[in-house]
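Each remark here refers to the structure printed beneath this line.
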Amino acid sequence: MENKKENFSEWYNEIIELAGLTDKRYEIKGMNIWMPYGLKIMHLIDDIIRKYSDEKKFQEVSFPVLISRKQLEVEFEHVKGFENEIYWVTKGGKDTLDVDLALRPTSESAMYTMFPLWIRSHTDLPFKIYQIVSVYRYETKHTRAFIRVREIHFYEAHTAHKDYNDAEKQMNEYLDIWKKIASELCLEYSLDVRPEWDKFPGAKYSIAFDTPMPGYRSLQVGTIHEYGENFARNYNIKYLDENGDLKYVSQTTFGLSERLLAAVIGIHGDDKGLILPYRIAPVQIIIVPIPGEIYDKILEYSRTIMDDLKNMGYRVDIDERDYTPGYKYNDWEMKGVPLRIEIGSREYNENMITLSLRTQKKKIKISRQNLRDVENYLKTVNDDIKSHSLKFFNDNIHMAKSIDDMKNEYMVRAYWCGSKECSDKIEALTEKAALGNIYNDKTSGKCIVCGRDGKLSMFSRTY
RNA sequence: GGGGCUGUGGGGUAGCUUGGUAUCCUACGGGCUUUGGGAGCCUGAGACUCCGAUUCAAAUUCGGACAGCCCCA
C-alpha cells in the first residue's frame with residue numbers, strides 16, 4: 001500500500017477502492033459507485049445525523065429531484081450563485097420540454113415554493129425539516145472521490161422561525177448537533193465564519209466546519225447558514241403572528257455530505273488502511289478462527305462467541321474464508337475494523353479469546369467470562385482515534401505573527417482586517433485562501449497585512 | 001480559469017523512439033498440499049478507452065472526444 005504521509009493522494013485513491021468503498025471506473029466524471037462496504041459506512045453516518053436531528057424535533061422529508069425553470073427564475077443572488085453548475089433536463093423522450101427541468105443543486109428553490117403552503121401562522125413555527133438525498137452539481141474543476149463529486153450525497157436541514165432571534169438560536173442548536181456528530185466520527189474542526197464573498201449564495205452569513213486533511217489542505221466538511229428574511233422575501237414565506245400581523249419568517253440551513261466520510265478516511269487512516277470509529281464500522285468485531293487439528297471445535301466455539309456478541313448488540317462477523325490467518329488480519333485491518341478476535345486451539349482449550357485493537361500493536365487475552373469487556377476495548381480504540389485526530393489537528397494548524405510565518409504548508413491562524421485586498425495579498429504570497437474569522441473568538445489584534453484592527457482568522461489551501 | 005502528464009486482462013505494468021508475434025507481477029476460477037501476521041505447486045480464463053486519419057498493416061504515428069492524475073490561478 002502507498003505511504004500515506006509521503007503520498008496522500010495516491011494512498012487515498014488506493015484505499016477507497018481496495019477497501020471496497022467506491023468504484024471510480026464508472027464512465028461519467030465525478031459520478032462514482034457506492035460499493036457495499038462504503039455505502040454501509042455512509043448509511044451509518046446518516047443514522048448518526050438522523051438520530052441527532054430527530055432528537056431536536058426535525059422531521060425527515062424527501063423532495064423531488066427536479067426543479068422547474070420557473071422556480072429557479074426568481075431574481076435572486078441565490079439562483080445566480082448556482083446557474084453555472086446546474087444540469088438541465090430539456091427533453092422527455094423525443095419531445096422538447098415546454099419548461100426545462102433542473103436537477104437540484106440544493107433544495108432551497110424546491111422547498112421554499114412549498115413553504116408558503118405549509119406555514120400559515122406562528123403556531124406552525126418553528127418549522128424544521130431535513131432530507132438526505134442526492135444533489136447534482138456540474139463541477140468543472142477536478143473531481144475527487146467523496147471530496148468533489150457531481151452527484152452529492154447530501155444532508156440538508158431547513159428551518160423557518162418567527163424572527164431573526166429565533167433563527168439565531170437555531171444556529172446554536174446546529175452547533176450542538178454538529179458537535180455530537182463530530183464526536184461520534186472522532187473529527188476535530190474549526191468553526192470559520194466565511195468571508196462575505198465566500199458565503200452561501202443568498203445567506204446573511206455562513207459558518208463552515210473546516211478540518212485539516214493530509215496533503216496540507218483543509219476540507220470543508222459542513223456548513224450552517226443564517227438566511228434571515230432573504231429567502232422569505234423572494235419566495236414569499238409569511239405567517240400571521242400573535243397580533244394578527246403578517247410577517248416574513250427567518251430561515252436557516254445546515255448541510256453535510258460524504259465529505260464526512262472523506263475526512264474519516266483521510267484523517268484516521270494509516271499505512272495499513274482505514275481506521276473506523278466503532279459507531280460507523282459496518283463490522284465492529286471480526287472473529288478470525290485459526291485452523292488446526294480441532295478446527296471443527298474451534299469454529300463451533302468461534303460461532304458461539306459471535307452469537308454472544310451479537311446478542312450484546314454488536315455488529316460482528318466471522319471470517320471462514322479459505323485464506324491464511326495472516327491474510328485475514330491484514331485484510332480486516334485494511335478495512336478499518338476496530339476490534340479483532342483470534343480464536344485457535346489455545347483459546348479453545350483455555351476458554352479464552354485473543355483481542356487485537358486496530359490502533360495498537362499488542363494482543364490481549366481475556367477469558368470468555370469477561371466477553372463484555374469488548375465494550376471497553378472498542379472505546380479504547382475510539383479514544384486512540386480521537387487523540388490521534390486531535391494531535392493531527394494541532395500539528396496542522398499554526399499561529400502566524402507575520403506573513404513570513406504563513407509561508408508553510410499548514411493551515412494558519414492570523415489576525416486579519418477582513419478586507420478582500422489583504423486576503424488577496426495573503427493568497428498571492430502563501431497560496432492560502434481566507435476561510436474566515438474564527439467563530440466566537442473574543443481576542444483582537446492587528447491585521448497581519450495592513451495593521452488595521454483585525455479578528456483571528458483561518459487561512460489554508462483547500463480541497 | 002490556465003498548463004502539463006497518462007489511458008494495454010480486475011489492479012499494477014513492459015512494449016511505442018524504429019508500425020507486423022502483447023511481457024511480467026498481482027488478483028481471479030479449478031485441483032492438490034497448507035493455515036498463530038499477506039502460503040506453495042499444477043492448471044485455466046482474461047487486455048491494447050472510443051471515433052476518425054495515414055498505411056498493405058496501428059497498442060505503436062497524427063487529430064478529436066471521453067476519462068483519470070498532477071501543478072498553477
Side-chain angles (χ1 to χ4, degrees), chain A residues 1-3 6-33 35-36 83-85 138-151 197-198 214-217 270-273 286-299 301-302 318-335 337 339-350 352-358 360-365 407 409 420 423-434 459-463:
Chain A
M1 176 164 310
E2 290 287 341
N3 183 296
E6 285 172 14
N7 208 336
F8 174 69
S9 226
E10 284 179 32
W11 176 89
Y12 183 83
N13 283 325
E14 186 177 9
I15 190 62
I16 58 178
E17 294 217 4
L18 210 53
L21 308 186
T22 190
D23 196 322
K24 295 189 305 176
R25 292 171 299 181
Y26 193 70
E27 64 176 292
I28 299 176
K29 175 189 170 81
M31 294 194 174
N32 305 320
I33 292 153
M35 296 299 281
E83 65 187 356
N84 289 328
E85 40 189 314
Y138 177 74
E139 276 292 345
T140 52
K141 289 192 176 192
H142 198 237
T143 55
R144 210 184 277 270
F146 305 131
I147 292 176
R148 188 179 295 281
V149 289
R150 285 170 157 185
E151 178 172 27
W197 57 86
D198 207 22
Y216 303 109
R217 287 164 192 265
D270 64 12
D271 283 352
K272 288 179 173 175
I286 185 67
I287 299 172
V288 178
I290 315 291
E293 299 272 317
I294 48 165
Y295 192 43
D296 285 350
K297 287 183 172 161
I298 289 166
L299 268 184
Y301 178 66
S302 300
I318 179 167
D319 189 349
E320 298 187 19
R321 293 178 298 173
D322 189 21
Y323 290 116
T324 61
Y327 178 92
K328 293 177 183 176
Y329 298 163
N330 285 289
D331 194 45
W332 291 104
E333 281 166 2
M334 186 263 293
K335 289 194 136 123
V337 173
L339 217 52
R340 181 177 70 238
I341 294 175
E342 298 164 21
I343 295 173
S345 55
R346 295 200 289 269
E347 285 80 3
Y348 171 77
N349 289 327
E350 297 164 18
M352 310 276 279
I353 59 169
T354 295
L355 283 173
S356 178
L357 282 58
R358 178 61 178 84
Q360 297 182 13
K361 276 185 182 157
K362 62 173 186 250
K363 295 188 182 186
I364 301 154
K365 248 182 167 181
K407 290 176 182 167
E409 56 265 88
K420 185 90 168 76
S423 84
D424 282 349
K425 270 183 196 164
I426 290 168
E427 189 155 5
L429 287 165
T430 69
E431 296 178 353
K432 296 187 210 310
F459 298 85
S460 178
R461 301 178 73 191
T462 59
Y463 272 111

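Below, read A as the first sequence line, B as the second, and so on, with proteins coming before strands; counting in each chain starts at 1. Atom set for the values below is all heavy atoms of this structure, side chains included, hydrogens, waters and symmetry mates excluded.
Here the shortest heavy-atom pairing between Arg217(A) and Ser460(A) reads C-OG, 4.1 Å. In plain terms, the two heavy atoms of Thr22(A) and Ala145(A) that are nearest each other are CG2-CB, 4.4 Å. The heavy-atom pair separating Ile290(A) from Gly344(A) by the smallest distance is CB-CA, 3.8 Å. What you find for Pro289(A) and Tyr295(A) is that their closest heavy atoms are CG-OH, 3.8 Å.
Among the protein residues, Tyr295(A) comes within range of no part of the nucleic acid, since none of its heavy atoms lies under 4.0 Å from any strand. Glu431(A) comes within contact range of the sugar-phosphate backbone alone, with a heavy-atom separation under 4.0 Å but no base atom that close.
Annotation: G46(B) and A53(B) have their C1' atoms spaced 31 Å apart (nearest Å). Using atom C1' as the reference point in both U13(B) and C25(B), the two lie 8 Å apart (nearest Å). A gap of 25 Å separates the C1' atoms of G2(B) and C62(B), to the nearest Å. Across the P atoms, U17(B) and A58(B) are found 14 Å apart, a figure rounded to whole Å. The same atom, P, is picked in G12(B) and in C72(B); the two are 25 Å apart, to the nearest Å. Taking atom P in both G9(B) and C24(B), the straight-line distance is 16 Å, to the nearest Å. For the P atom pair drawn from A47(B) and U23(B), the interatomic distance equals 12 Å after rounding to whole Å. Taking atom P in both C16(B) and G7(B), the straight-line distance is 13 Å, to the nearest Å.
In this structure, Arg148(A) is not positioned above the aromatic face of Tyr463(A) in the sense of NZ or CZ being under 6.0 Å from the six-membered ring centre and within 45° of the axis.
Residue Arg321(A) contributes atom CZ, which lies 11 Å from atom P of G29(B) at whole-angstrom precision. As a whole-Å value, the separation of Lys24(A) NZ from G7(B) C1' is 14 Å. One interatomic measurement links the two molecules: OH of Tyr463(A) to P of C70(B), which rounds to 9 Å at whole-angstrom precision. Distance, Arg144(A) CZ to C71(B) P: 8 Å, rounded to whole Å. The interatomic distance linking Glu27(A) (CD) with G7(B) (C1') rounds to 15 Å, in whole Å. If you take CD of Glu14(A) and P of G10(B), they are 18 Å apart, rounded to a whole angstrom. The interatomic distance linking Arg148(A) (CZ) with C69(B) (C1') rounds to 15 Å, in whole Å. The OH-P distance, from Tyr26(A) to C66(B), rounds to 17 Å in whole Å.
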Nucleotide pairing, RNA chain B (Watson-Crick or G-U, distances under 3.5 Å), in dot-bracket with [ ] and |
(((((((..(((.......[...))).((((((.....))))))....(((((..]....)))))))))))).

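Residue Asn13(A) places at least one side-chain N or O closer than 4.0 Å to OP1 or OP2 of C69(B). The phosphate of G68(B) has neither OP1 nor OP2 within less than 4.0 Å of any side-chain N or O from His142(A). In this structure, Tyr323(A) reaches the C28(B) phosphate: one of its side-chain N or O atoms is under 4.0 Å from OP1 or OP2. Between Arg461(A) and C72(B) there is a side-chain N or O to OP1 or OP2 distance below 4.0 Å.
Between the side chain of Arg340(A) and the backbone N or O of Val288(A) there is no donor-acceptor pair closer than 3.5 Å.
The side chain of Lys29(A) sits closest to A67(B) out of C71(B), A73(B), A67(B). Proximity note for Arg150(A) (side chain, C-beta onward) versus C72(B), A67(B), C28(B): the nearest is A67(B).
Interatomic distance, Met352(A) CE to Ile341(A) CD1, rounded to the nearest 0.5 Å: 12.5 Å. Remark: Ile33(A) CD1 to Leu21(A) CG distance equals 13.5 Å, nearest 0.5 Å.
Side-chain atoms of Trp11(A) and Asn3(A) form no donor-acceptor pair, as typed in the model, at a separation below 3.5 Å. With no hydrogens or angles considered, a side-chain donor-acceptor pair links Arg144(A) and Ser9(A) at under 3.5 Å.
Nearest-nucleotide mapping onto RNA chain B: of Glu10(A) and Thr140(A), the residue sitting toward the 5' end is Thr140(A). If you find the closest nucleotide of RNA chain B to Ala428(A) and to Gly30(A), the one lying nearer the 5' end belongs to Gly30(A).
Of the options Lys365(A), Glu347(A), Lys363(A), a side-chain hydrogen bond (donor to acceptor under 3.5 Å, both in side chains) to Thr354(A) is made by Glu347(A) and by none of the others.
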Within the sub-3.5 Å range, which N or O atoms of nucleotides 36-43 of chain B have a protein N or O partner, and how far apart are they?
residue : atom : partner   : partner atom : Å
G36(B)  : O6   : Ser345(A) : N            : 2.8
G36(B)  : O6   : Arg346(A) : N            : 2.9
G36(B)  : O6   : Glu347(A) : OE1          : 3.3
G36(B)  : N1   : Glu347(A) : OE1          : 2.7
G36(B)  : N1   : Glu347(A) : OE2          : 3.3
G36(B)  : N2   : Glu347(A) : OE2          : 2.8
G37(B)  : N7   : Lys363(A) : NZ           : 2.9
G37(B)  : O6   : Arg340(A) : NH2          : 2.6
G37(B)  : N1   : Glu333(A) : OE2          : 2.8
G37(B)  : N2   : Asn330(A) : OD1          : 3.1
G37(B)  : N2   : Glu333(A) : OE1          : 2.6
G37(B)  : N2   : Glu333(A) : OE2          : 3.4
G38(B)  : O4'  : Asn330(A) : ND2          : 3.1
A39(B)  : OP1  : Thr324(A) : OG1          : 3.4
A39(B)  : OP2  : Thr324(A) : OG1          : 2.3

